Amino acid sequence: MTYDAIIVGGSHAGLSAAMALGRLRRKALVLDYSLPRNRFSSHAHNLVGLDGIDPNQWRAQARRDLTRYPTVEFESDRLTAIQPAEGGFQGTSKSGATFRTRKVVLAYGIQDVLPEIPGFAELWGTGVYHCPYCHGFEVQNQILAVMGDEALLKHMVPMLLGLSSRVVALSNGLSLTPETRNSFQQVSVEFHRESVEQLNYDDQGLQSINLAGAGPIPVNALFYGRMAPLTLASDIHEQLGCKQDDMGRLLINPLGETSVAGVFAAGDIASMQQSVAGAVASGQMAGSGAVHQLLQEDFQKKID
Ligand SMILES: Cc1cc2nc3c(=O)[nH]c(=O)nc-3n(C[C@H](O)[C@H](O)[C@H](O)COP(=O)(O)OP(=O)(O)OC[C@H]3O[C@@H](n4cnc5c(N)ncnc54)[C@H](O)[C@@H]3O)c2cc1C
């Protein structure tokens, strides 16, 4: 089976790309195995028009919307290999199916690498958060902590002070420069260098955090991030040879095309703004970029 485009990942970015392809009647296949990044959360915020929607409900509605477009197909499968082939690319999935396609849209998201601290994974998305825009408003005026290295703390502390006057900075064993420590002191932000040993929670959520050699400190919400290269959910971009920036994001041009001709990328793997709205917008761009190339090529063939 030859497609105009295969979309690898069928969440916010991939489904948005599928709509652009479907509306211009291009034959597209969405491959997805349903492990989106926000599966731990029951509400997606910072999404104007649908603020607070359950992300699974968003995906279900997007899939329903796409049933209007008969050229868009879906497979619950994982793309495991891809290589250039005549006229485009050939991919193979985990189930052993093979696909030929003229264009590829990569929309497989990233994987959050969480520290192995008891309580951390259990509270991910419900008491431990990655982003103040997504979850900060709901925990405003509570005791908010942020854990990370110096760069992350300097980035997040001012944001959290916009939400609460009670902010705690945790470096989990890392040292901070005297300037940074001083600046936190000046704005009454409590700083702890000790290792974070455990998050204590009950059915109301996060209650306190145990630090090495110290008693538990009260905390109601913890924000966490890594100023480190991202872990992309697949190695398909490596198989294709797509260039990445120093944070691991795929480099794309304004039409969403990667450094490999005919390969487009969208969503968290290709954007600094990791959000549902950002993924939808970049997915639309990547889908439109693929459509543009397909139809230009077809037009050119007709006039040659
Ligand atoms: C806990 C949590 C809560 C969040 N809450 C919010 C929020 O409230 N508001 C907000 O704007 N953002 C939120 N985000 C960020 C948001 O989840 C991401 O920005 C968004 O999911 C990115 O969409 P995406 O389509 O790029 O990737 P994803 O949503 O991660 O989807 C990628 C899809 O690709 C599939 N896939 C991966 N590899 C393959 C492969 N080889 N073959 C086929 N399929 C594949 C996966 O199974 C997955 O379904 C949250 C993130 C987290 C971690």
Side-chain angles (χ1 to χ4, degrees), residues 6-19 29-60 62-63 74-82 91-95 97 99 104-114 120-139 221-226 230-240 249-250 252 256 264-287:
I6 284 183
I7 301 167
V8 192
S11 179
H12 306 291
L15 294 174
S16 178
M19 180 163 279
L29 173 67
V30 181
L31 289 168
D32 185 67
Y33 62 89
S34 298
L35 282 183
R37 190 180 173 202
N38 55 3
R39 64 189 179 278
F40 305 96
S41 260
S42 53
H43 303 280
H45 287 288
N46 204 23
L47 182 59
V48 70
L50 291 169
D51 195 39
I53 190 172
D54 179 334
N56 287 326
Q57 204 187 324
W58 185 96
R59 277 180 281 271
R63 289 281 293 254
F74 296 90
E75 285 291 343
S76 284
D77 209 346
R78 177 184 195 134
L79 192 74
T80 51
I82 195 158
T92 308
S93 71
K94 192 172 174 216
S95 71
F99 314 93
V104 183
V105 178
L106 307 179
Y108 39 72
I110 64 172
Q111 281 174 351
D112 291 294
V113 180
L114 304 181
F120 215 97
E122 293 88 332
L123 288 169
W124 184 238
T126 59
V128 182
Y129 306 107
H130 77 302
C131 159
Y133 291 100
C134 303
H135 306 287
F137 191 83
E138 285 64 39
V139 293
L222 173 64
F223 289 82
Y224 168 74
R226 290 163 77 229
L230 307 171
T231 304
L232 276 52
S234 167
D235 68 353
I236 294 291
H237 57 281
E238 286 170 14
Q239 297 181 32
L240 289 164
R249 288 178 289 251
L250 301 188
I252 52 172
F264 296 78
D268 282 3
I269 59 171
S271 167
M272 206 168 83
Q273 174 71 352
Q274 293 173 358
S275 69
V276 171
V280 171
S282 65
Q284 186 188 69
M285 190 69 258

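Just so it is clear, the structure is predicted and the values come from calculations on it, not from any experiment. In each ligand, atom 1 is the first atom listed, and ligand 1 is the first ligand listed.
- The protein heavy-atom contact nearest to atom 30 (O) of ligand 1 is Arg37 N, 2.9 Å.
- Counting only distance, with no hydrogens or angles, the side chain of Asp268 and the backbone of Gly109 share no donor-acceptor pair below 3.5 Å.
- Checked by distance only, ligand 1 and Asp112 stay at 3.5 Å or farther apart across all their nitrogen or oxygen atoms.
- At a threshold of 4.5 Å between non-hydrogen side-chain atoms, the residues Phe99 and Leu31 count as touching.
- The protein heavy atom nearest to atom 27 (O) of ligand 1 is Gly109 CA, 3.5 Å.
- Within the 4.0 Å heavy-atom criterion, both parts of Pro36, backbone and side chain, lie near ligand 1.
- Set against the non-hydrogen atoms of Asp77, the atoms of ligand 1 under 4.0 Å away are 43 (C).
- At distances below 3.5 Å, not a single donor-acceptor pair connects side-chain atoms of Asp54 with backbone N or O atoms of His43.
- Screening Leu106, Val105, Ile252, Val104 against Phe264 for a side-chain contact (heavy atoms from CB on, under 4.5 Å) leaves a single residue, Val105.
- Residue, atom and distance of the protein heavy atom nearest to atom 35 (C) of ligand 1 are Asp32 OD1, 3.1 Å.
- When each atom of ligand 1 is checked for a heavy atom of Gly125 under 4.0 Å away, the hits are 1 (C).
- In Ser275, the parts holding a heavy atom less than 4.0 Å from any atom of ligand 1 are both the side chain and the backbone.
- Taking 4.0 Å as the cut-off, Lys94 does not count as a neighbour of ligand 1 on heavy-atom distance.
- Closest non-hydrogen pair, Val30 versus Gly10, comes out as CG1-CA, 3.6 Å.
- Closest heavy-atom approach to atom 14 (N) of ligand 1 among the candidates Arg78, Glu138, Gln274, His130: His130.
- Using a 30° and 60° split on the angle between ring planes, Tyr224 and Phe120 fall in the perpendicular class, above 60°.
- At a heavy-atom distance under 4.0 Å, no atom of Asn46 approaches ligand 1.
- Between His130 and Arg37, the shortest heavy-atom distance links the atoms CD2-NH2, 3.4 Å.
- Summary of contacts: the protein heavy atom closest to atom 45 (C) of ligand 1 is Tyr33 CE2, 3.2 Å.
- For ligand 1, the polar-atom distance check finds an N/O of Val276 within less than 3.5 Å of one of the ligand's N/O atoms.
- Residue Ser275 comes nearest to Gly278 through the heavy atom pair OG-N, 2.9 Å, listed as atom of the first residue, atom of the second, then distance.
- At under 3.5 Å, a nitrogen or oxygen of Asp268, whether backbone or side chain, sits near a nitrogen or oxygen of ligand 1.
- With a 4.0 Å heavy-atom cut-off, ligand 1 is reached by the backbone of Ser34 but not by any atom from C-beta on.
- Counting only heavy atoms of the protein, atom 13 (C) of ligand 1 lies nearest to Cys134 SG, 3.4 Å.
- Contacts between His43 and ligand 1, counted as non-hydrogen atom pairs separated by less than 4.0 Å, involve the backbone only.
- Counting atoms of ligand 1 from 1 in the listed order, those under 4.0 Å from a heavy atom of Gly267 are 26 (O).
- Counting heavy atoms closer than 4.0 Å to ligand 1, residue Ala107 contributes backbone atoms (N, CA, C, O) but none from C-beta onward.
- The residue from Trp58, Phe40, Tyr108 that puts a heavy atom closest to atom 38 (N) of ligand 1 is Tyr108.
- Here the side chains of Leu250 and Leu232 are in contact, with some heavy-atom distance below 4.5 Å.
- Taking distance alone, with nitrogen or oxygen atoms compared against 3.5 Å, Arg59 stays at or beyond that limit from ligand 1.
- Annotation: atom 47 (O) of ligand 1 to nearest protein heavy atom, Leu35 N, 2.8 Å.
- Here the closest heavy-atom approach between residue Ala279 and residue His12 is recorded as CB-CB, 3.8 Å.
- No part of Ile236 comes within 4.0 Å of ligand 1, judged by heavy-atom distances.
- If you look at Trp124 next to ligand 1, the close heavy atoms, those under 4.0 Å, all belong to the side chain.
- Judged by distance alone, with hydrogens and angles left aside, the side-chain atoms of Ser16 form a donor-acceptor pair with the main-chain N or O of Gln284 at under 3.5 Å.
- On a distance-only criterion, His45 and ligand 1 share at least one N/O pair closer than 3.5 Å.
- Taking distance alone, with nitrogen or oxygen atoms compared against 3.5 Å, Leu79 approaches ligand 1 more closely than that limit.
- Listed here is the closest heavy atom pair of Ala121 and Leu114: CA-CD1, 4.0 Å.
- Close contacts between ligand 1 and Ser41 involve ligand atoms 1 (C), 3 (C) [criterion: under 4.0 Å to a heavy atom].
- Taking 4.5 Å as the limit, every side-chain heavy atom of Leu29 sits out of range of all side-chain heavy atoms of Ile7.
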Would Arg249 and Ser271 count as a side-chain hydrogen bond (donor to acceptor under 3.5 Å, both in side chains) here? Give the steps. CA-CA 7 Å; Arg249 288 178 289 251; Ser271 167; over 6 Å; no
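- Protein heavy atom in closest approach to atom 25 (O) of ligand 1: Ala13 N, 2.9 Å.
- With a 4.5 Å cut-off on side-chain heavy atoms, Arg63 and Leu15 count as touching.
- Here Leu222 contributes atom CG and Tyr129 contributes atom OH; the two are 10.0 Å apart, rounded to the nearest 0.5 Å.
- For atom 17 (O) of ligand 1, the closest heavy atom belonging to the protein is Asn38 CB, 3.1 Å.
- When every heavy atom of Pro55 is checked against every heavy atom of Asn38, the shortest pair comes out as CB-ND2, 3.4 Å.
- In the candidate list His135, Gln111, His12, His135 is nearest to atom 3 (C) of ligand 1, counting heavy atoms.
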